[in-house]
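Single-structure report; data block below.
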Protein chains: 2
Amino acid sequence: MAQKAGVSVTTVSRVINNSKPVSSELRERVERVIKETGFAPSEVARGLVHRKTKLIGLMIPKVANTFFSQLIEGAEQVAKANGFNILLTVSHMDMEKEVDYLSIFKDRQLDGIIFSVSQFTNLHRQFFNEFEIPTVFLGQQIKETPYPYILIDNFKASYEATKYLINKGHEKIGILKGPDYDISTGYERYRGYQQALQDAGLAVHDDWVFSDFHDINNGYRGMKTIMEQDELPTAMFACSDVMAVGAINYLQDHGFRIPQDMSIIGFDDAELSTMFRPKLTTIRQDSFEMGAEAMRCLIEQIVEKKTEKKEIIFPHQLIERESTAETTNYLRR
Amino acid sequence: MAQKAGVSVTTVSRVINNSKPVSSELRERVERVIKETGFAPSEVARGLVHRKTKLIGLMIPKVANTFFSQLIEGAEQVAKANGFNILLTVSHMDMEKEVDYLSIFKDRQLDGIIFSVSQFTNLHRQFFNEFEIPTVFLGQQIKETPYPYILIDNFKASYEATKYLINKGHEKIGILKGPDYDISTGYERYRGYQQALQDAGLAVHDDWVFSDFHDINNGYRGMKTIMEQDELPTAMFACSDVMAVGAINYLQDHGFRIPQDMSIIGFDDAELSTMFRPKLTTIRQDSFEMGAEAMRCLIEQIVEKKTEKKEIIFPHQLIERESTAETTNYLRR
DNA sequence: AATCTACAGGAAAACGTTTTCCTGTTCTTG
DNA sequence: CAAGAACAGGAAAACGTTTTCCTGTAGATT
């Protein structure tokens, strides 16, 4: 390249980066050769000298899930706009894989990490203790690192969801939640539910609590388990829309009408919430924007070269649609 | 690192890569220091000397879409198993963005590309003419490059879907299709539909043909447009499940029953096909496995260092569920 | 005992850039 | 007119590895 233009590599670098004035004659020679050969500098060589890769590691538990797939799109858009690209990894809730990927991120010298941790284990702790890399945590309140995290107030949102059902006259309210170690969609959402019941003077009925990964089949199974009890709830708080949909499927398959026979409120406002019938009453969180904001926050850390602990609490919103109604207290409840 | 162990960098490299025998004494010294410091060689420096990045560029039009999000998971899994990582980009069907990303892929010296092209333009052509990089095309029959492509037989699948409706007694069959320039989900699927009608001696009724991007709102809109005609179809072939769901939503919102008043067959077998009610009759394609296979095929190209033109035609499968029925010819049809 | 062979390990080149430092020319300025 | 300033451009170092090539020592072979 430099040879073809009859100049030094230095000069080539200068015209490409505009880092120092170059006479118009040489500049033109170089530019012509660039046009002709389609030359473009190697990003990896650049990366080596700058110790920057312009790559962001994005680690999430699953992509085939509206929440995460929209989040990815948000993150990608902001990354692209700032000259970054995304290295995507899927952890499938597997802690070992997570730590494994973390060290891949390190070896590849990624400029930053957006990380939806499933559970912050000692290995995670160790990694972040030994190694400094701009990070934003997603969906969980990770307090033990100097890095920001971004999430909605799951406790409050769940409190509101439950309260909403209570206000509709329901006193027997079950919950379909994530696994306990999943702080956000398991523990925190359960806490909100529990608190709302307690504040209303209602008891938590353990038979109406079902925990498992958020997927449609578990929603179905969970609802089945609960409907096989002697005493039945009149409303359910499903901690994700997929759970809600699975539950509704079970109920409809067994002759129950929603919301007349059972009120169900979901969580996420996934695309399917509106296309599903009945349309889901749900708690909306803007996953696209959360991905975008996480990326902004990360890039800020990277360019400013300093990280400050920030809690970014995103707003949520209860959206009333068709899957919930006033209690009618019928059946054998 | 080398200093701390009192050896040369050469030796460090040798123990890490086992590339040449090292005396047990030095080996131990080096290994100890590695343990202590958590040293790991820089992948970017390695990339520079090997001219390999172990990175695969994956470009798709959208991630918040079951087909693609599952495909990503399949691809990621195979990549991971072979020591590759994925650089993910989202093109949003924007040709300029696509070409832009292609040159980013080139500059970053990615080892290969998995590419779901929206439309193969001259700029695409130019890129692949000027630059050699192992590639696998997804979802479209790109014949003009030496690289493999992987897809289902959209013509045949659509023929079968339409034939299925015809066999149910339907003679008035509409279609909700992708845009024309989208060869697979627009053009090819339309061709299959048309051919099936023709072979059955039925005419294509232009008023029952609706084209637009595959999303739920367009399904709704498309169905609306068609239902506002004087003469109405008794069955619809929706070229994607999201279109089908949108269409059904429209119909149900206006008092039609599925499948009694209108049969609808979808395409994709997205997760929502079974959780939606009525459960969607649809054409199934295994997107996870297509992603996985695309990645296998790409990695093969990369390690064997030769590419041969291959057509990988994935099987599809008509799955009969609840959204289709024998024609009943009622209403004013 | 002298040469040859094996072999461990280091020095240096290479990968493709950016950046620092230096050189030589031209232009100012007193 | 000489000395300094301004400036364009190149040489070389640096980034962190791998790999090639060389060296020195110890053991084997005549």
Side-chain angles (χ1 to χ4, degrees), chain A residues 1-34 37-55 83 85 103-111 131-133 302-303 305, chain B residues 1-34 37-55 83 85 103-111 131-133 302-303 305:
Chain A
M1 164 67 215
Q3 307 216 33
K4 273 190 190 155
V7 300
S8 70
V9 284
T10 313
T11 305
V12 174
S13 172
R14 281 177 187 146
V15 350
I16 288 179
N17 300 301
N18 258 346
S19 44
K20 235 184 124 181
V22 170
S23 71
S24 54
E25 191 205 330
L26 290 203
R27 158 160 272 125
E28 267 167 33
R29 277 222 308 269
V30 172
E31 278 169 349
R32 193 168 42 72
V33 178
I34 287 180
T37 61
F39 173 86
S42 153
E43 283 303 325
V44 2
R46 280 183 158 173
L48 186 59
V49 6
H50 286 143
R51 291 193 208 72
K52 304 237 156 129
T53 51
K54 287 284 187 174
L55 266 180
N85 288 115
S103 67
I104 290 180
F105 287 175
K106 175 191 149 204
D107 300 346
R108 283 193 181 275
Q109 292 168 239
L110 301 197
D111 291 350
F131 189 65
E132 262 184 43
I133 179 170
I302 294 171
V303 306
K305 286 176 181 131
Chain B
M1 162 71 215
Q3 306 214 36
K4 273 189 190 154
V7 299
S8 69
V9 284
T10 315
T11 306
V12 175
S13 172
R14 280 177 188 145
V15 350
I16 288 179
N17 301 301
N18 258 348
S19 44
K20 236 183 126 181
V22 170
S23 72
S24 55
E25 191 206 329
L26 290 202
R27 156 159 273 125
E28 268 166 33
R29 278 223 307 270
V30 172
E31 277 168 350
R32 193 169 42 71
V33 178
I34 288 180
T37 61
F39 173 87
S42 153
E43 283 302 327
V44 2
R46 278 183 160 174
L48 186 59
V49 7
H50 287 142
R51 291 194 208 72
K52 304 235 155 127
T53 50
K54 287 283 187 176
L55 265 180
N85 287 115
S103 65
I104 290 181
F105 287 175
K106 173 191 150 204
D107 300 345
R108 284 194 178 276
Q109 291 168 239
L110 302 197
D111 291 351
F131 189 64
E132 263 184 43
I133 181 168
I302 294 171
V303 306
K305 286 174 183 134

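Order of the sequence lines fixes the chain letters, A, B, ..., with proteins taken first and strands second; residue numbering starts at 1 for each chain.
Position along DNA chain C of the nearest nucleotide to B:Ser8 versus B:Gln109 favours B:Ser8 as the more 5'-ward residue. Residues A:Val12 and B:Gly6 each lie close to DNA chain C; by heavy-atom proximity, the contact nearer the 5' end of the strand is made by B:Gly6.
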Between B:Thr37 and B:Lys4, is a side chain to side chain contact (heavy atoms under 4.5 Å, CB included) present by the stated rule, with each step listed?
CA-CA 10 Å; B:Thr37 61; B:Lys4 273 189 190 154; 3.9 Å; yes
B:Glu31 vs B:Val15, test: side chain to side chain contact (heavy atoms under 4.5 Å, CB included). Steps then yes/no.
CA-CA 8 Å; B:Glu31 277 168 350; B:Val15 350; 4.3 Å; yes
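Annotation: proximity of residues 13-27 of chain B to DNA chain D (heavy atom, distance under 4.0 Å) is found for B:Ser13, B:Arg14, B:Asn17, B:Lys20, numbered in ascending order. Listed by residue number, A:Leu48, A:Val49, A:Arg51 are the residues of residues 47-54 of chain A with a heavy-atom contact under 4.0 Å to DNA chain D.
At least one donor-acceptor pair closer than 3.5 Å links the side chain of A:Ser8 to the backbone N or O of A:Thr11.
Residue pairs satisfying the salt bridge (charged side-chain N to carboxylate O under 4.0 Å, His left out) criterion with at least one member in residues 37-50 of chain B, sequence neighbours excluded, are listed as follows: B:Glu43-B:Arg46.
The CG atom of A:Leu110 sits 11.0 Å away from atom CG of A:Asn85, with the distance rounded to the nearest 0.5 Å. Note: B:Lys54 NZ to B:Asp111 CG = 7.0 Å, rounded to the nearest 0.5 Å. If you take OG1 on A:Thr53 and CZ on B:Arg108, they are separated by 6.5 Å, rounding to the nearest 0.5 Å. Atom-to-atom distance recorded for A:Ile16:CD1 and A:Ile34:CD1 is 4.0 Å, nearest 0.5 angstrom.
Partners of A:Ser13 according to the side chain to side chain donor-acceptor pair (under 3.5 Å) rule, which considers only residues two or more places apart in sequence or in another chain, are A:Asn17.
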In a table with atom names and distances, give each donor-acceptor pair under 3.5 Å that connects a side chain of residues 20-30 of chain B to protein atoms at least two apart or in another chain.
residue : atom : partner : partner atom : Å
B:Ser23 : OG   : B:Leu26 : N            : 3.4
B:Glu25 : OE2  : B:Arg29 : NH1          : 3.1
B:Arg27 : NH2  : B:Asn18 : OD1          : 2.7
B:Arg29 : NE   : B:Ala5  : O            : 2.9
B:Arg29 : NH2  : B:Ala5  : O            : 3.4
B:Arg29 : NH2  : B:Gly6  : O            : 3.3

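Nucleic acid contact class of A:Thr11 (heavy atoms, under 4.0 Å, all strands): sugar-phosphate only.
When DNA chain C is scanned 5' to 3' for any atom under 4.0 Å from a heavy atom of chain A, the first and last hits are C:dG16 to C:dC21.
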